[in-house]
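Here is the structure we will look at.
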Amino acid sequence: MKKRIAILGLSGVGKSTLIGKIRETVPLLHLQASALIKAEQAHRERSPDSSEALRTGAVIDNQLLMIAAYRREAAATDLPIVFDGHSIIDGRDGLIEIPASVFAELELDAIFYMAADPHVIAERRRADVGRERPHRDVATLEQHQHLAEAKARCIAQDLGRPFIFIADGEVSSVLDFVS
């Protein structure tokens, strides 16, 4: 049976880059939460929201759209699936925790959490002009990262799945799991 894992972490931590490195060794399907929501909006003939609108809009309602698109994509592949998402969203009115029930719907085998130096995350966010992201100071990013890791650990515990911490750029634990 194909493996399904989530790699969670703050926006700008480097999840997509890490998953790209893994794809160089192992064929897999990379599913990003925001892209899934936009795809489901398009599938339902709604105009897709920008990433900023997804972050500041109805975050919890959008999880239902994400689940529907994820299921459709998962049913169409025999490849391992790496879900790229967040355990907390830095929304318009503060941090929003994504419930474990959302991740239960994805039928995951493990929860990975990726962390990086908050200075690096801040710089990546500043340098990425292609996406709108909230600009937070290093202390705030460090606090958000600790909260996101704690929430990811709770999600893994609630689902009865392994929690695996990965540092920036370290691919071996993910490769070992999906290979």
Side-chain angles (χ1 to χ4, degrees), residues 1-91 96-114 130-131 148-149 151-166 170-179:
M1 183 172 166
K2 61 190 171 194
K3 295 279 186 168
R4 296 179 177 189
I5 66 168
I7 299 180
L8 308 178
L10 295 186
S11 177
V13 76
K15 297 184 299 294
S16 294
T17 301
L18 178 85
I19 294 166
K21 289 179 185 175
I22 296 165
R23 287 176 80 177
E24 293 173 2
T25 304
V26 177
L28 58 85
L29 181 60
H30 175 196
L31 297 175
Q32 289 182 301
S34 61
L36 289 169
I37 294 167
K38 291 175 188 175
E40 189 61 19
Q41 288 174 330
H43 182 74
R44 295 180 184 193
E45 299 181 3
R46 291 176 35 192
S47 297
D49 291 335
S50 69
S51 294
E52 180 68 4
L54 294 177
R55 185 185 65 77
T56 59
V59 171
I60 298 301
D61 292 343
N62 285 339
Q63 301 311 302
L64 298 176
L65 298 174
M66 186 275 297
I67 291 166
Y70 178 94
R71 286 181 175 161
R72 191 171 40 258
E73 293 289 334
T77 188
D78 290 325
L79 294 173
I81 296 172
V82 177
F83 173 74
D84 169 351
H86 307 281
S87 55
I88 62 170
I89 303 288
D90 189 0
I96 302 165
E97 293 185 356
I98 304 301
S101 59
V102 170
F103 295 93
E105 295 292 331
L106 307 183
E107 300 177 342
L108 299 166
D109 296 302
I111 303 290
F112 288 76
Y113 181 79
M114 184 173 178
R131 295 176 59 183
E149 180 186 347
K151 178 61 182 174
R153 285 182 186 276
C154 288
I155 290 166
Q157 184 175 5
D158 288 351
L159 300 182
R161 299 292 188 250
F163 174 87
I164 302 156
F165 181 89
I166 49 177
E170 191 273 312
V171 298
S172 62
S173 61
V174 181
L175 277 173
D176 290 346
F177 202 89
V178 297
S179 296

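Keep in mind that what you see is a predicted model, and the values were worked out from it rather than measured.
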Apply the test side chain to side chain contact (heavy atoms under 4.5 Å, CB included) to residues Ile67 and Val102: give CA-CA distance (whole Å), side-chain angles for both, the deciding distance (0.1 Å), then the verdict.
CA-CA 7 Å; Ile67 291 166; Val102 170; 4.1 Å; yes
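Of the possible donor and acceptor atoms, one in the side chain of His86 sits under 3.5 Å from a partner among the backbone N and O of Gly9. Side-chain N or O atoms of Tyr113 include none that pairs as donor or acceptor with a backbone N or O of Ala152 at under 3.5 Å. The backbone N or O of Ala148 sits less than 3.5 Å from a side-chain atom of Ser87, completing a donor-acceptor pair. Formation of a donor-acceptor pair under 3.5 Å by the Arg161 side chain with backbone atoms of Leu108 is found in this model. In this structure, Asp109 contributes its side chain and Ile5 its backbone to no donor-acceptor pair below 3.5 Å.
In terms of the side chain to side chain donor-acceptor pair (under 3.5 Å) criterion, residue partners of Arg72 (sequence neighbours excluded) are, by chain and number, Glu40.
The shortest distance between side-chain heavy atoms of Lys3 and Phe177 falls below 4.5 Å. For the pair Ile22 and Glu24, the minimum side-chain heavy-atom distance is 4.5 Å or more. Within the 4.5 Å cutoff, no side-chain heavy atoms of Leu8 are placed close to those of Met114. Taking 4.5 Å as the limit, every side-chain heavy atom of Val171 sits out of range of all side-chain heavy atoms of Val174. Two residues are said to be in side-chain contact when any heavy atoms from C-beta on lie closer than 4.5 Å; Val178 and Ile81 fail this criterion. For the pair Ser172/Glu170, a side-chain contact is recorded, criterion being any heavy-atom separation below 4.5 Å from C-beta on.
The heavy-atom pair separating Leu29 from Glu73 by the smallest distance is CD2-O, 4.0 Å. Between Phe103 and Ile155, the shortest heavy-atom contact is CE1-CD1, 3.3 Å. Nearest heavy-atom pair across Ile7 and Lys15 is O-CD, 3.4 Å. In terms of heavy atoms, Leu175 sits closest to Ser179 at O-OG, 2.6 Å. Across Met66 and Ile37, no two heavy atoms sit closer than the pair CB-CG1, 3.6 Å. Summarising the geometry of Lys2 relative to Ala74, their closest heavy-atom pair is NZ-O, 2.5 Å, with the distance given to 0.1 Å.
For Phe165 and Phe112, the gap between ring centers reaches or exceeds 6.0 Å.
Note: Leu79 CG to Arg23 CZ = 9.0 Å, rounded to the nearest 0.5 Å. Here the CG-CG distance, from Leu31 to Leu106, works out to 9.0 Å after rounding to the nearest 0.5 Å. A distance of 12.0 Å separates NZ in Lys21 from CD1 in Ile19, rounded to the nearest 0.5 Å. In this structure, the separation between CG on Asn62 and CG on Leu36 is 11.5 Å, given to the nearest 0.5 Å. Here Ile89 contributes atom CD1 and Ser34 contributes atom OG; the two are 9.0 Å apart, rounded to the nearest 0.5 Å.
Surrounding CG of Asp176 are more than 12 heavy atoms belonging to other residues, nucleotides or ligands, all under 6.0 Å away.
Between the side chains of Ser16 and Asp84, at least one donor-acceptor pair of N or O atoms lies under 3.5 Å.
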